[in-house]
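Notes for the one structure printed next.
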Amino acid sequence: MCLQKMFGIWVFVAIFSSIEGYKVLVVFPIPAGSHRNLGDGYVRNLLKAGHEVTYITPFPYESSDPNLRLITTGDTVNAISGSSLNITALMLHEVEMDQDRHFQLAINITKNTLKNKSVQKLLNDPSESFDVIVAEWMFNDVYCGFSALFRCPYIWSFPYETNSISLGLLGEFSNPAYTANIETSDVPPFDFWQRVYSLWFRITSRVQHLFFYENIEKNLYEEIFSPILKKRGITTLPEYDILRYNASLILGNTDPSIGQALALPENYIPIAGYHIDEVKPLPQDLKDILDDAKHGVIYFSLGSNLKSKDFPEKILQDLLKLFGELQQTVIWKFEQSLTNKPANVHILKWAPQQSILAHPNCVLFITHGGMLSVTEAVHFSVPFIGLPVFYDQNFNVAKSVQRGFALKVSLSLNLAEDLKDAVQEILNNNTYREAMKQTSITYHNRMIPPGDELVYWVEYVVRTNGAPHYRSAALLLPWYQKMYLDFIATVIVCVCLFIYMIKTLCIKCKVQKIKSS
Ligand SMILES: *[C@@H]1O[C@H](CO)[C@@H](O)[C@H](O)[C@H]1NC(C)=O
């Protein structure tokens with residue numbers, strides 16, 4: 001009896017200690033600092049949970065964990081830092097970061113990544129296998145092909161606030177009357193013209209995608225994945241239009257405390273903040289600067305893609321003059337050294353942003369309003385001034401202004417003057433700090449930390465064989481059936497037939513009447 005019991009316990013322990021880590025392929029090839037942080041967040045959390053991670057990234061990743069294998073695609077690193085992201089050019093509308101530019105940039109990165117030597121080696125090795133794939137969605141769906149190749153489920157990581165595109169990947173429709181297009185500054189509730197514009201924007205973007213981009217995506221998908229499958233004796237690549245909508249989940253880099261309140265499908269999991277690790281101690285010299293700032297610190301950074309050094313000289317000089325007049329200490333992430341800077345202004349080529357925002361003396365953040373910067377501002381409860389430049393920065397800043405913990409300043413040659421008013425307003429009016437404090441409490445108030453939630457859902461997808469029970473029946477309906485167009489057509493035909501019949505009957509009646517009279 002006792003022996004039996006012991007055997008039982010032994011089996012129990014053996015089963016649980018033999019739960020091996022899953023093999024996860026993490027694909028984050030966008031060569032930009034914020035996307036790197038998002039990818040690193042997956043890798044860090046998955047490694048901590050004991051999984052085996054293969055990480056496709058353009059950047060190095062410092063780790064001695066034997067469960068990590070890096071596949072570095074460094075040759076795409078310069079794809080983004082070209083002229084398109086020059087802040088002056090964007091400010092003067094010499095270039096527009098519109099849908100077209102985003103698509104072209106992203107599809108080129110996708111192409112270069114998939115044709116990269118190390119990635120090709122991985123794809124062409126028939127002995128490679130994975131339990132699940134996490135791929136970052138960036139303006140095309142081509143990475144869904146990984147799941148056809150490795151015959152395993154895949155998860156989209158969506159880097160932005162939820163929108164019609166990410167919901168569309170799960171077959172969900174979002175009503176443009178009250179769902180923001182994150183590329184614009186319009187935040188619901190919309191007025192009449194905003195509602196009209198929202199619909200117009202939605203339709204034109206969709207049409208543009210349908211006619212100009214879909215084929216490019218599909219061709220790349222077939223060009224890359226078809227020959228590899230053929231080599232393995234599989235002649236039929238799944239149809240692109242089916243596989244791209246076959247993700248098991250979307251892990252969204254958003255939280256309702258930051259973004260919109262939307263009716264999300266059950267396989268859309270918001271996990272914003274998962275990229276934030278324990279706060280690392282500041283380097284001593286920087287710590288001294290922050291500790292000694294009696295009147296607080298203003299931290300100014302335009303993120304990793306936009307460079308402060310690209311500002312026109314006049315704006316730079318105006319900003320330096322403005323900062324010099326402030327009582328606060330200003331820490332400015334700036335890519336070059338500046339000669340005539342005032343004593344209270346400190347330049348950092350690279351800034352440990354999270355550690356700076358976490359310091360109790362940090363009273364104000366001036367940011368471009370990228371999703372990660374906004375999330376970190378809320379995480380560490382620092383009110384901010386947003387200078388949105390492109391894409392979702394417009395929505396992120398507008399939504400934060402609506403929530404009362406941020407102000408927006410438009411990029412223009414008058415930047416310094418406008419900024420001065422905003423800085424005074426935010427520092428002297430306590431409502432921004434109070435609103436931020438409450439939002440931060442809301443944001444932190446979750447059942448489980450976002451990093452653990454990420455791990456839970458990745459494991460969930462493996463354990464449930466791709467979570468097919470979450471898949472919406474909407475994915476099985478053609479669009480005209482979803483919109484009841486077939487039904488409307490049937491009704492119209494019936495009504496027409498009915499009218500026609502009545503008419504012919506009446507004519508017959510009349511003819512008979514004439515005959516009989
Ligand atoms: C879609 O995903 C499910 C679950 O992961 C999988 O069983 C199925 O084969 C996939 N479909 C295609 C076309 O790959």
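Both counts, for ligands and for their atoms, begin at 1 and track the order of listing. Here, residue 1 is the first one in the sequence, and each next residue gets the next number.
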_Qualifying residue, where the test is salt bridge (charged side-chain N to carboxylate O under 4.0 Å, His left out) with Glu128 and the options are Arg232, Arg69, Lys23_ =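 Filter result, single survivor: Arg69.
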*So which heavy atom in the protein is nearest atom 4 (C) of ligand 1, and how far is it from that ligand atom?*
Asn465 O, 3.6 Å
*asked:* Return the closest protein heavy atom for atom 8 (C) of ligand 1 as residue, atom name and distance.
replied: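 Result: Asn246 ND2, 3.8 Å.
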*Does Glu217 have any salt bridge (charged side-chain N to carboxylate O under 4.0 Å, His left out) partners at least two apart in sequence or in another chain, and if so, which?*
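Once residues adjacent in sequence are excluded, the partners of Glu217 under the salt bridge (charged side-chain N to carboxylate O under 4.0 Å, His left out) criterion are Arg244.
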*Verify whether one side chain among Asn219 and Glu223 offers a donor that lies under 3.5 Å from an acceptor in the other.*
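No, no side-chain donor-acceptor contact under 3.5 Å.
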*asked:* Under the rule for side-chain contact (heavy atoms from CB on, under 4.5 Å), what residues qualify as partners of Thr179, not counting sequence neighbours?
replied: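 So Thr179 forms a side-chain contact (heavy atoms from CB on, under 4.5 Å) with Ser174, Arg202, Gln260, Leu262.
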*Measure Arg244 to ligand 1 on non-hydrogen atoms and call it side chain, backbone, both or neither using the 4.0 Å cut-off.*
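Neither part.
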*Please tell me if the side chains of Thr72 and Pro60 come closer than 4.5 Å, counting only heavy atoms from C-beta onward.*
no
*With a 4.0 Å cut-off on heavy atoms, does Arg151 reach ligand 1?*
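No, Arg151 has no heavy atoms under 4.0 Å from ligand 1.
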*Hey, looking at atom 14 (O) of ligand 1, which of Thr236, Leu243, Val132, Val462 has the closest heavy atom?*
Leu243
*For ligand 1, which atoms sit closer than 4.0 Å to a heavy atom of Gly466?*
5 (O)
